[in-house]
Amino acid sequence: AVVNRRSAWARATELEGDLRRSAGWLGRFEAACSLSCPLTDAQGVPVGVLAVSWKELVDGTDPRYQTLEHLAAAVSERIGN
């Protein structure tokens, strides 16, 4: 999320590349997936990450996924003010 400055969705089954580390901690939480959203300052520079994992598979069409993205945008807006 921070490197690419956009939300990053990870599935526990992803065992290649950059997601390998995420997949490992998802397994420890017995989660199927996670969403990490960058928190940015007024210049768009990442200053943190808001991340949630779910036991069931959640994707971009799920209201929980969309809510987390909206929450991260709202927090970023506050950080920028």
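The analysis underlying the following values was restricted to heavy atoms, covering all of them including side chains, and did not include hydrogens, waters or symmetry mates.
Shortest non-hydrogen contact noted between G60 and Q66 is O-NE2, 3.0 Å. Between A31 and A12, the shortest heavy-atom distance links the atoms O-CB, 3.4 Å. The shortest non-hydrogen separation linking K55 to A32 is O-CB, 3.2 Å. Closest approach of S36 to A51, counting heavy atoms only: OG-CB, 3.6 Å. L26 approaches S34 most closely through the heavy-atom pair CD2-CB, 3.6 Å.
Of the possible donor and acceptor atoms, one in the side chain of W9 sits under 3.5 Å from a partner among the backbone N and O of V58. A donor-acceptor pair under 3.5 Å links the side-chain atoms of S76 to the main chain of T40, judged by distance alone.
Linking Ile, Leu, Val, Met, Phe, Trp and Tyr whenever their side-chain heavy atoms come within less than 4.5 Å puts Y65 and V75 in one cluster. Following chains of ILVMFWY side-chain contacts shorter than 4.5 Å, one can reach L71 starting from L39, so the two form part of one hydrophobic cluster. V45 and V49 sit in two unconnected hydrophobic clusters of ILVMFWY residues. Membership requires side-chain heavy atoms under 4.5 Å apart, directly or through other members.
With respect to the salt-bridge test (charged N to carboxylate O, under 4.0 angstrom), the residues R6 and E69 do not qualify.
Around the CD atom of E30, the shell of radius 6.0 Å holds no more than 12 heavy atoms that belong to other residues, nucleotides or ligands.
Looking at W54 and L35, their side chains come closer than 4.5 Å, going by heavy atoms from C-beta outward.
Between the CG atom of L68 and the SG atom of C37 there is a distance of 4.0 Å, given to the nearest 0.5 Å.
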